[in-house]
There are 2 protein chains.
Amino acid sequence: MTTKYPAVRTAAGPAGSAGSPDTATAGEVLASYLHTQAVDFLRSLRLHGESGSDADEAGEAARLLRRSARRIAGALYVYRPLTDTDWTDQLRTELVWLSDLLGREHAYAARLARLRGALHRLSGAESAGPPGSGLTVGAARAGALLERQLTLARTRAHSAALQALGTSRFHAVADAAALLASEVPLDPGAHGVLAREALPRLAEQAQRRLAEAAEALPLSVAGHPYNAEALAHGLAASPAPDGPPAEGRQDAPWHQVRRLVRLRRYAQEVLDEHLQTDAEPSQPSQSSQSSQPSLSVRLLGAGQALDRHRDAAEAAAAAATAARTPRIAPATAYALGVLHADQRHEVEAARFAFGRIWQRLVTVAAPS
Amino acid sequence: MTTKYPAVRTAAGPAGSAGSPDTATAGEVLASYLHTQAVDFLRSLRLHGESGSDADEAGEAARLLRRSARRIAGALYVYRPLTDTDWTDQLRTELVWLSDLLGREHAYAARLARLRGALHRLSGAESAGPPGSGLTVGAARAGALLERQLTLARTRAHSAALQALGTSRFHAVADAAALLASEVPLDPGAHGVLAREALPRLAEQAQRRLAEAAEALPLSVAGHPYNAEALAHGLAASPAPDGPPAEGRQDAPWHQVRRLVRLRRYAQEVLDEHLQTDAEPSQPSQSSQSSQPSLSVRLLGAGQALDRHRDAAEAAAAAATAARTPRIAPATAYALGVLHADQRHEVEAARFAFGRIWQRLVTVAAPS
């Protein structure tokens, strides 16, 4: 990774304000956002290194690290024409790799917690009791099986992440982040265009990609409560040992919209940071961009609904996978079947919730 | 069963119109309704006897027989103070017994059809194919197991019904219906009160019992889509071999409201028959009771939602019962678990639907 273009720094520098919203260049604003995220990334990296054997602290540091990594990659994607793409395309790929790698351990832990909670709920048991208390035989065995399988997956993910953190590939990402924190490799032209002209145009493109993907979803079906669509293939490939379940095919477009909502949200963060530079901090919604905070909030809500969609879909798949374990008792398999269907209905509920948020979102979505 | 009170017949007789809505007595109107139902009952009985080995014809005759039996029993219950209760209380008990007995065979057949349809839907298979086609191993085995168990139950119900039709108990019911078709044993006072005064008052009591029971339901929870309440005890007692599932306890008040909706509907039929006596047949909603047809339609809709609630609850219970069959394969048990949860979500969907109908129903429910 080489820095072909030295960053053109404004008087305030990328660390400070990017100047007045009216006169700031697109390069200044983007560099300021990326600088902030890169500083956060490096801080989280240091926290992670210092966490030692404190799993909670390491987990929190990894979460913050992924948070910054996703934002840097997202901003570099949406505002790609403003960047030195030779350098940033590669960094983006590496940040996605790192974020995915660091996220797996957390994902397995969260999946297990979700499934354990569902088993307790389905048993009418208090979740406050010790593990397994109040559960019927089938539910307790299903819980133990899921615990075994997901803990193993989690441990493997943990080892893989630790191992990756010692590789030269990882150190290259850290070096790139350090560069981003001092000088952001942008396209020289980015400093010749006004932020208020160039940035909304690119955010608008992200909005369009999102809108196209969202409108292609079966939203009218999803908007009808209890449409039973998410479980429509609940038994289609389940007890068969091969391949992904048929449900994965119907989930994929929703997962794609989830990623596009996230990109749109990060694009909005860059815009908001620019526009709120000289707004009263205590009254951000009093400015002429009064609909923008509302848009951010709705994008966040839409993203959370689709996060829940993904989490429930993956939990349902984990229950189906566990049910294919050889030589399990029928009561265990039955409980896993109930659990699978329960999580697929969570999938359906999340689609319903997203549909309602989306309707309200499109009315305020066009960046001004 | 003796007829202590000879029926006081109007000029037109119970077979004809009960006179003008303004001057008809409560006894005339009730007798006319019961007469019509009793004639239908006897006709269905004859059809059933003549059906021989034609199962479809016998099934249709049994359906019509139950239809009349439920209406007679319902009208006798709601308008009990107008009847010779010594005689009618006993007939009511016997009609409920008969209706239940004749309904079981149909119920098992409908339950199997519902579960078979759900298995196909959950397998993403076309229901048009031959049985078992397009199903995965688990779904096919679950279907075969349910087929075996519910067909056995159906056959037993068929034999029990046939046997009952030869008993003196049954012949006593038929004799009572024949009496009802010629002269209805009413309280002598029923002919001294006006229909437009006495009948709405008793229908209002039925409405009050219904409203009290419906308002005691958790309608605010049920009105929130995807509340996950119906499956809240999906694993609570399922793999245990004893007693009814915990879900039965939360279903019971809904089943009770279902019965009260039905009583209210039959009560309304008696009112409507009275009020529409001199209304233009082609314009029943042009009369001053323009909201009444709407009430009947809404009562029908509410009843259908609660029928679906009951059917899904019983289908879910049948899947749970089948899963407790010894020595079934895990894949079979898994499919039954998915099926159970699917039907419990149908239960939840039916509650949601009822809640919406109920809101609209209470605005037009007071009989005028």
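To find a chain, count down the sequence lines: A is the first, B the second, and so on, and within it residues start at 1. The analysis underlying the following values was restricted to heavy atoms, covering all of them including side chains, and did not include hydrogens, waters or symmetry mates.
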Could you check whether atom CZ of R356(A) has more than 12 heavy atoms from other residues, nucleotides or ligands sitting under 6.0 Å from it?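 Result for CZ/R356(A): open.
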If you count heavy atoms of other groups shown closer than 6.0 angstrom to CZ of R141(B), is the number above 12?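 Atom CZ in R141(B) is not packed in, count stays at 12 or less.
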Does any heavy atom of chain B fall under 4.5 Å from the side chain of E348(A), the backbone, both, or neither of them?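 Both the backbone and the side chain of E348(A) come within 4.5 Å of chain B.
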H345(B) vs H345(A) aromatic rings, parallel, tilted or perpendicular, using cut-offs 30° and 60°?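 Correct class here is parallel.
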Between P330(A), A341(A), A228(A), A353(A), the one whose heavy-atom pairs under 4.5 Å with chain B are most numerous: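 Result: the option with the highest number of such pairs is P330(A).
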Will you find, in the side chains of E314(A) and H309(A), an N or O donor that is under 3.5 Å from an N or O acceptor?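 No.
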Just so I understand: if I count every heavy-atom pair under 4.5 Å between each of I328(B), T332(B), L339(B) and chain A, which residue has the most?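 Answer, by heavy-atom pair count under 4.5 Å with chain A: I328(B).
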